[in-house]
Amino acid sequence: MTRRSCPCGLPEAYEACCGRFHSGSAAAPTAEALMRSRYCAFVKGDAGYLLRTWHPRTRPGTLELDPGMKWTGLEILGTSGGTAFHSAGTVEFRASYRGGSLHERSRFERVDGAWVYVDGEFPA
């Protein structure tokens with residue numbers, strides 16, 4: 001049996017990569033790691049994780065995920081800030097799904113030391 005890489009695109013197995021963030025046994029150390037884990041949560045249909053990692057000031061009350069949405073890949077286009085030495089950061093990415101792709105520049109901030117998603121814009 002071959003080990004599958006994490007849906008976020010990194011070569012590690014899901015459990016050693018984004019799975020540890022989803023389970024709560026570890027916290028994403030960078031804005032990019034959080035972005036990758038949030039993409040993976042969309043792939044896995046984990047709305048609870050998405051809500052837990054959303055900034056309280058911009059978090060929706062509920063989140064309904066489309067079970068028919070099939071995410072097919074993630075490409076990180078660029079990052080700014082978002083490391084252990086920053087309190088904010090941005091990650092620009094393209095997330096592909098069956099039938100198209102989503103291009104977003106996401107903003108992240110630290111809340112009580114943990115990275116959270118604030119919001120995003122869609123570059124032209």
Side-chain angles (χ1 to χ4, degrees):
M1 184 168 140
T2 58
R3 189 179 79 166
R4 292 201 41 184
S5 60
C6 188
C8 81
L10 294 177
E12 292 85 5
Y14 166 75
E15 294 76 14
C17 194
C18 293
R20 61 198 172 112
F21 306 141
H22 293 176
S23 71
S25 65
T30 65
E32 180 182 336
L34 181 66
M35 212 274 7
R36 287 180 177 278
S37 73
R38 287 177 56 84
Y39 167 82
C40 193
F42 276 103
V43 171
K44 299 277 189 183
D46 188 346
Y49 180 78
L50 292 166
L51 289 170
R52 286 193 308 279
T53 58
W54 210 310
H55 196 293
R57 122 176 139 250
T58 57
R59 179 189 312 135
T62 61
L63 183 62
E64 295 291 325
L65 299 179
D66 179 356
M69 180 67 115
K70 298 296 180 215
W71 295 98
T72 58
L74 176 67
E75 179 185 5
I76 302 298
L77 303 174
T79 62
S80 174
T83 73
F85 303 105
H86 299 100
S87 59
T90 60
V91 178
E92 186 171 348
F93 67 92
R94 181 173 292 110
S96 300
Y97 54 88
R98 195 170 46 212
S101 67
L102 168 76
H103 181 191
E104 182 175 318
R105 187 176 301 119
S106 297
R107 292 187 322 124
F108 297 88
E109 293 178 5
R110 285 187 187 267
V111 171
D112 297 329
W115 285 107
V116 292
Y117 170 79
V118 177
D119 59 19
E121 62 184 29
F122 305 102

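Keep in mind it's a predicted model, so treat the numbers as computed, not measured. Computed over heavy atoms, backbone and side chain alike; hydrogens, waters and symmetry mates excluded.
- Note on L63: it does not cluster hydrophobically with V111, by side-chain heavy-atom contacts below 4.5 Å among ILVMFWY residues.
- Under the 4.5 Å side-chain criterion, counting only non-hydrogen atoms from C-beta, R36 is in contact with I76.
- Atoms CZ and CD, on R20 and E15 in that order, are 12.0 Å from each other to the nearest 0.5 Å.
- Counting heavy atoms from C-beta outward, F122 and H103 have side chains that stay 4.5 Å or more apart.
- Taken together through direct or relayed side-chain contacts under 4.5 Å among Ile, Leu, Val, Met, Phe, Trp and Tyr, Y14 and Y39 form parts of separate hydrophobic clusters.
- Between the OG1 atom of T90 and the CD atom of E104 there is a distance of 11.0 Å, given to the nearest 0.5 Å.
- Nearest approach of L74 to C8, heavy atoms of both residues: CD2-O, 3.6 Å.
- R38 approaches L50 most closely through the heavy-atom pair NH1-O, 2.8 Å.
- Distance check: R94 CZ to E75 CD gives 5.5 Å after rounding to the nearest 0.5 Å.
- Residues S37 and F21 approach most closely at CB-CD1, 3.8 Å, considering heavy atoms.
- Nearest heavy atom pair, residue L65 against residue A47, reads CD1-N, 3.8 Å.
- Between S5 and P11 the shortest heavy-atom distance is CB-O, 3.6 Å.
- Ring geometry, H22 versus Y49: the interplanar angle falls from 30° to 60°, so the pair is classed tilted.
- What you find for A16 and E12 is that their closest heavy atoms are CB-CB, 4.5 Å.
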Exercise for the section: Could you go through the salt bridge (Lys or Arg N to Asp or Glu O under 4.0 Å) check for E109 and R57 one step at a time? Expected result: CA-CA 11 Å; E109 293 178 5; R57 122 176 139 250; 3.3 Å; yes

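- Under the 4.5 Å side-chain heavy-atom criterion for ILVMFWY residues, no single connected hydrophobic cluster contains both L77 and F42.
- M35 is not listed as a side-chain neighbour of T79, based on a closest heavy-atom distance of 4.5 Å or more.
- Of the possible polar contacts, none joining the Y117 side chain to the L51 backbone as a donor-acceptor pair under 3.5 Å is found.
- No side-chain N or O of E32 forms a donor-acceptor pair with one of T30 less than 3.5 Å apart.
- T58 places a side-chain N or O within 3.5 Å of a backbone atom of V118 that can act as its donor or acceptor partner.
- No path of Ile, Leu, Val, Met, Phe, Trp and Tyr side chains, each step under 4.5 Å between heavy atoms, connects L10 with W115, placing them in separate hydrophobic clusters.
- A donor-acceptor contact shorter than 3.5 Å is absent between the side chain of R110 and the backbone of S87.
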